[in-house]
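Within every chain, numbering begins at 1; the chains are lettered A, B, ... in the order of the sequence lines, protein sequences first and strands thereafter. Side chains are part of it too, since the values below use all heavy atoms of this structure and drop only hydrogens, waters and symmetry mates.
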2 protein chains.
Amino acid sequence: MLKNSEFIDKLRSSGLRPTKQRLKICEVLFNRDKTFHFTINDLAKIISAKLNEKISLATIYNTVHAFKNKGYLKEISINSDKSYFDTNITNHHHFFDEDTNQLIDCNKGDIETINIKNNITGKKINSVEVLIKVASDNQNQK
Amino acid sequence: MLKNSEFIDKLRSSGLRPTKQRLKICEVLFNRDKTFHFTINDLAKIISAKLNEKISLATIYNTVHAFKNKGYLKEISINSDKSYFDTNITNHHHFFDEDTNQLIDCNKGDIETINIKNNITGKKINSVEVLIKVASDNQNQK
DNA sequence: ACATATATTATAATTATTCTAAACTATTGA
DNA sequence: TCAATAGTTTAGAATAATTATAATATATGT
């Protein structure tokens, strides 16, 4: 359980002012034992359920993007009707359960390290993401 | 250069009626030497530029989805605001150039085969997609 | 050619996201 | 401590991608 002052330091250290809203969002996102995968809509729902005061949707978007830009969140690429975010910012990959629309982290060892032998000339690799789409065994077509 | 009758057979064989619109879209998509990566908007532009008659946007969406469901197109997940499709339906992976928003196929040999050691219990793997995001070497932040 | 199932179309509706501009707040430094 | 200011929040409007609707048109089997 992280303290408020730790979040304040974290925000200040990356040039973000520690506002009431950002601290609340920090609590929701980072006061967890396990990795948290979410969409903006998920987050908005959790916030409005947990909080007495409300946070504007625009602020939630702003904050999530600010946290992503500062490297506190990763954005995950899934069939793009909406964006998914991940509080696990280490290098890792994902399963996506098409039955439930849930993201699940791959553990180290689930996949061998991806080895890229040829890159596009003149470009640098920003990220390598593996997405394994899974579904229940008895359904044929998505 | 495929003939119209070949597209008619292709469509019929998968239970899709060969309509004027679908045949035109087949020509645009499949009469190519190289893999074609596109968004719906790209396709709509090409169609309206090339064709004397116009095809409704709704039809373009319907057709692309029908072709995807029949396995003639693959949808590629990019963390983004729109869907990308690929006429290359073989198992392969992608580079995504963040400078130009262009998708580029990985060639066999660019990446070693992805080896998944542990899957989620009770689920079957539908796809494994690797996306390598690249950008110009001299730009720091996206 | 006829009946019917399937497609196409324009348009409206929906959804996720970004923009805007005004009100508000944290920080800096006098 | 307080004012100036730079950064934030906010509601709501705007935008963009996509899906739904329902009327019209077309393909197919008999």
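- If you measure from atom CD of B/E53 to atom P of D/dA25, you get 16 Å, rounded to the nearest angstrom.
- The side chain of B/H65 contributes an N or O atom lying less than 4.0 Å from OP1 or OP2 of D/dT19.
- To the nearest angstrom, P of C/dA26 lies 10 Å from CZ of A/R12.
- Atom C1' of nucleotide D/dT19 and atom CG of B/N69 are separated by 14 Å, given to the nearest angstrom.
- Remark: P of C/dA16 and CZ of A/F38 are 15 Å apart, rounded to the nearest angstrom.
- The side-chain hydrogen bond (donor to acceptor under 3.5 Å, both in side chains) analysis of residues 29-40 of chain A, with sequence neighbours excluded, yields the pairs A/T35-A/D105, A/H37-A/D86, A/H37-A/H94, A/H37-A/D105, A/T39-A/D42.
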Could you write nucleotides 7-15 of chain C as a row of B, S and -, 5' to 3', where a protein heavy atom under 4.0 Å of any base atom gives B, of only sugar-phosphate atoms gives S, and otherwise -? SSBB-----
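- Legend: side-chain hydrogen bond (donor to acceptor under 3.5 Å, both in side chains) pairs involving residues 6-25 of chain B, not counting sequence neighbours, sorted by first then second residue: B/S14-B/Y72.
- In this entry the distance linking CG of A/N41 with C1' of C/dT18 reads 16 Å, nearest Å.
- Within 4.0 Å (heavy atoms only), A/S83 reaches sugar-phosphate atoms of the nucleic acid but no base atom.
- The phosphate of D/dT19 has neither OP1 nor OP2 within less than 4.0 Å of any side-chain N or O from B/Y61.
- Minimum heavy-atom separation, B/C106 to B/I132: SG-CD1, 4.1 Å.
- Rounded to an integer number of Å, the gap from CZ of A/F85 to C1' of C/dT17 is 10 Å.
- In this structure, CD1 of A/I8 is placed 15 Å from P of D/dT8, rounded to the nearest angstrom.
- Shortest non-hydrogen contact noted between A/N119 and B/F95 is OD1-CE2, 3.6 Å.
- When side chains are defined from C-beta on, B/N118 does not count as touching A/N107, because their heavy atoms never get closer than 4.5 Å.
- The distance from atom CG of B/L11 to atom P of D/dT26 is 18 Å, rounded to the nearest whole Å.
- Between B/H65 and B/F85, the ring planes lie perpendicular to each other; the angle is over 60°, past the 30° to 60° tilted range.
- The nearest pair of heavy atoms linking B/A44 to B/L57 is CB-CD1, 4.1 Å.
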